[in-house]
Structure formats: C-alpha cells, structure tokens
There are 2 protein chains.
Amino acid sequence: MLNLPFTRKTFMASGYLVRQGDRCDTVSVLLDGYCYGQKDDGEGNCQIVSLAIPSDVIGLEHLYLQTTDHNVRALTTVDVAMIPLSAVQQLSASRPAVAHALGIHQAINHAIAREWIVNIGARDGLRRVAHFLCEFAVRCDAWRGDTAAGYELPMSQEQIGQATGLTAVHVNRMLKTLHAAGLIERSWRNVVFSNWEGLRDVACFSSDYLHPGRQVPAPGYRTV
Amino acid sequence: MLNLPFTRKTFMASGYLVRQGDRCDTVSVLLDGYCYGQKDDGEGNCQIVSLAIPSDVIGLEHLYLQTTDHNVRALTTVDVAMIPLSAVQQLSASRPAVAHALGIHQAINHAIAREWIVNIGARDGLRRVAHFLCEFAVRCDAWRGDTAAGYELPMSQEQIGQATGLTAVHVNRMLKTLHAAGLIERSWRNVVFSNWEGLRDVACFSSDYLHPGRQVPAPGYRTV
DNA sequence: CGGTATTTTGAGCAGTGTCAAAGACGGTGG
DNA sequence: CCACCGTCTTTGACACTGCTCAAAATACCG
C-alpha cells in the first residue's frame, strides 16, 4: 500500500489554503468542495487563474518551486487531505508510476491554463462565458463519470467575471443572452444545458485540451 | 556523460515545430532563435499562449500527453535539437536529478501561463504591453546572464497583439504612449528601456513568478 | 529597385465597464 | 415560524476603452 501520511482539514468558503509568497511544504488532494487559484494584478484587481474540483491535486508545483506565486482559496466549504511534501517526494521516487501520474495531472492543468489564455484573450464576452460553462460541466462530468442534467455553479457571477476577465454585470448580461438564445436554463446558481450542442458551438468548445483518456502510459515501469 | 541522441534541425520563421493534434514523440531544446505557442480559438483568431527563448525546452508535456493541444511555431529562424521521447524517458528514469530539472522547467512555464492569464484578464492595454515587454526583457536577461541596454523584439506588433489579446493597431498606440511617457525608446523593433523602474511600475511587474533561483533542490539524489 | 509586409495615423463605432438602484435569495436571531 | 439583514443578482443609463476600416508612410527582401 501507499501508506501516505496526511492531515484532513476543512476550510470555510473564501478561506486560504495557500497564500501567494508562502513557502509550501504540503500537497493537497481536494476531497470535497471547490477551490480556485487567484492572483493579484498589483492594483487590487484579482484574477482567477484556475479551478479545482473534487479529486484534483493542489500544489503539485510545490515539488519544484520553493515559493507560491498565487493564492489558493476555497470556493465552497472544502475538505482536503494535506500530505507533507517529503512524503510525496519519497513516494514519487519509489513509485515512478505515481510520479508519472502527477506529471500527467500537472500537464493537464497547464493545458487548461493555456485554454484560459485563449478564452480570455481571443473570445468575446458571450463566447467566454459559454466556454467557461462548458469546461466546468465537462470537468465535473469526467469526475463523476456521468453527464448531469444540470449543475450547481459553486461561484458568484462576480467570481465568474474574475475568471473570464469580465465584470459581474457583464457576466449577468451574457448569461441572460445565452438564456434568450435557448442555450441554457437557469435559476439562481443552477444551470441546465437545454441545448448543449448549441452552447458548445457558440463557445467553440472542444474537450481535446482536457486530454480525456489520451495520456502517455507510464513507460516501462511495473505498477506492482 | 548523458550521451543523448538528438537531431539538429532548422526552421524558417513561421514554420511549425509542432502542430495541434499531433502525436509527438520528441522533446526539443531551443538552441537559437525564438518560438511561440499558438492556439486557434475555433473562429480563425489565433492566440499566442507562450514564448520560448534560447535554452528553453519545448514539448515537455509530450512526456505525459499523447496529443498536443497547441501549435509551436518559429518566430525567427530557429535552430533546435530534437530528442526522441524515449531517450528523454530513459534519462529521466535513470537520472532523477534530470527529471527534477525538467519538472522545474515545466512548473515555471505553468507559472508564466498563470501570469499571462492575469495580464490579459485583469490589466488594461497599456499595462498589458508594458508587462509583456518587462517579461521578455527579464527572461532574456536571465538567459544571457546580464542586463542589456536594449532588446530586439523578435515579433511584429500583430504578434504582440496576439499574445496580449489586443489588436496590432492598439499595440502600436500603447507603444507610442509608453514612449510619450518617457518609459521606452524605440526604433523599428528595437526597444530601449529608458526608465525601467517606471515601466515596471506601470506594468505592476514583479519577477517573482519566474521563480529566479527559488527552485526546490533535487531531494536526496546524488547528482553524480 | 520594385514588391511586400509592417508600422503608423485618423475617424467612427461597438463591446464592456462604471455607477447606481431595485429585486431576489438565504441565513440568523427572536 | 417569521422578520430582518446582508449578499448576490438583475436592470438601466451612460462613458470609455479598444476594435474596425482604411490609407499613407516606412522598412525589409529578393
């Protein structure tokens, strides 16, 4: 068995799991709830740079970088298993297949970051919000193993705005527009995709960048 | 010695080193020239998602993902050493310190991507261009080991626009504004930082995210 | 030396941001 | 169980950043 030491911990919504500038010595696994990565632009504006859903690993970069360049905060009440960095290092060293899996996870997160750059840099408001919704749905589906009819967005429109580079007011207008186009139904934070194909087309969403089932198998290691 | 097999190859400006969707079986080291990562937004717009300068490693994610989610293209005439994936895998397996160094490189590239998200998502045009110039200068300085008086930008204003989420016309205006503010001098593609502190302040640029000299040392491995 | 790509500039416009206020929801304490 | 309160959502009017289109000037390349 892996026999990994860990500490279970709970954070309230908006609490900090990791702070920018920290010297971090743990890697966490998100057991329940949602988190987001956040970075200050130096003038009070905060940009959301990533999203973590249950089963995601948080802080993999701590294996390689001494300090953290962004905050990680709880979007909802959150339950994590915090593992000492040294334990992760030992495990990766003794189990190359584990190291490989962590590398895959990091590579996918990086790919998601690239897609966010495209989303924010190249698409207009409507497509941006649509794409954001698509990504969230697909990632949640992948985690749960099935396709849900509707999703409870764990974030406010203000936060969606911080993730897409729009204002909360504009996010609201775009959601309304998507509804008017018959692509989504919603009430409060619940979203139902009444026309998934249509939404996907508006967003130009393709799940390729999430690399579903297309990872490189661990090369030549016995997985024991 | 490492004894790594490689093929040296030259690409003309705008040539493709890697194409979106490819199954890639090489990792490249950029020996000379500049490259950029590019992704289509699905509607003809192309967003630049990364920049590679000499000594950068291109395609590290091929170790973990079977297909590539973005293009890598030459910005200038480019000279690379292409290494078979299997050789890199073997080397990482036999030399943990090498694997660790690659992880650091990947983590820093990821950190840069996060900062680009902040730049494009949270800053206005002027700050965006200023930040872009700062990052380019600092990365080039780090590579060459000294601080240059001026920099030859290896890209057109159109391309700067694709990297910052602005139009070429607006990039031009922002460069003019930066000049008018006494922060930069320039002629054609050559840029001189006549007031580095000022530019840095406008951009809210901090080199922390490039993690200069703050990587985690390879844990417990003998480097031989 | 001509051709092509890039830079530069101007004018007008569209998409987003800003500001402000009203309405909806959910939690809390009496 | 209900009233209150704070947060979030929704809406409108208006301002402004950045985009579009177009053309001239400039630099590079064969």
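Since the model is a prediction, treat every value here as computed from it, not as a measurement.
Among the heavy atoms of the strands lying under 4.0 Å from A:Arg186 are primed sugar atoms or P, OP1, OP2 only; no base atom is included. If you check every strand for non-hydrogen atoms under 4.0 Å, B:Gly161 touches nothing.
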Requested in this report: Show the numbers, then the answer: is there a side chain to side chain donor-acceptor pair (under 3.5 Å) between B:Asp69 and A:His211?
Outcome: CA-CA 8 Å; B:Asp69 53 49; A:His211 297 270; 2.8 Å; yes

Report task. Might you work through the side chain to side chain donor-acceptor pair (under 3.5 Å) test for A:Tyr151 and A:Asp141, ending with a clear yes or no? Result -> CA-CA 10 Å; A:Tyr151 301 84; A:Asp141 285 346; 2.5 Å; yes

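Side-chain contact between B:Asn190 and B:Leu153: absent, with no pair of heavy atoms (C-beta onward) separated by less than 4.5 Å. In this structure, A:Ser55 and A:Val29 have side chains that are not in contact, with every pair of non-hydrogen atoms separated by 4.5 Å or more. No side-chain heavy atom of A:Leu17 sits less than 4.5 Å from a side-chain heavy atom of A:Arg73.
For B:Asn172 and D:dT17, the CG to P distance is 18 Å, given to the nearest whole Å. Atom CD in A:Gln162 sits roughly 12 Å away from atom P in C:dG17 (whole-Å rounding). If you measure from atom CE of B:Met155 to atom P of C:dA5, you get 19 Å, rounded to the nearest angstrom. Atoms CD1 (B:Ile160) and C1' (C:dT6) sit 12 Å apart, rounded to a whole Å. The nearest whole Å value for the distance from the CZ atom in B:Arg189 to the P atom in D:dA27 is 13 Å. If you measure from atom NE2 of B:His179 to atom P of C:dT8, you get 10 Å, rounded to the nearest angstrom. Atom CE of B:Met12 and atom C1' of D:dG30 are 15 Å apart (whole Å). Residue A:Glu158 contributes atom CD, which lies 13 Å from atom C1' of C:dG17 at whole-angstrom precision.
Summary of the strand contacts: B:Gln157 and A:Val171 both lie near DNA chain C, and taking for each the nucleotide with the nearest heavy atom, the more 5' one is attributed to B:Gln157.
With salt bridges taken as basic N to acidic carboxylate O contacts below 4.0 Å, none links A:Asp22 and A:Arg19. With respect to the salt-bridge test (charged N to carboxylate O, under 4.0 angstrom), the residues B:Arg123 and A:Glu43 do not qualify. A salt bridge between B:Asp79 and B:Lys9 is absent, with no side-chain N of the basic residue lying under 4.0 Å from a carboxylate O of the acidic one.
For residues 153-179 of chain A, the set of pairs meeting the ring pair (Phe, Tyr, Trp, His ring centres under 6.0 Å) definition, not counting sequence neighbours, is empty.
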Interface polar pairs with nucleotides 18-25 of chain C, N/O, under 3.5 angstrom:
{"unit_1": "C:dT18", "atom_1": "O4", "unit_2": "A:Arg173", "atom_2": "NH2", "d": "3.1"}

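Listed pair A:Lys176 / D:dT10 fails the phosphate criterion, with no side-chain N or O lying under 4.0 Å from OP1 or OP2.
A heavy atom lying under 4.0 Å from DNA chain D marks the following residues of residues 117-126 of chain B, by number: B:Asp124, B:Gly125.
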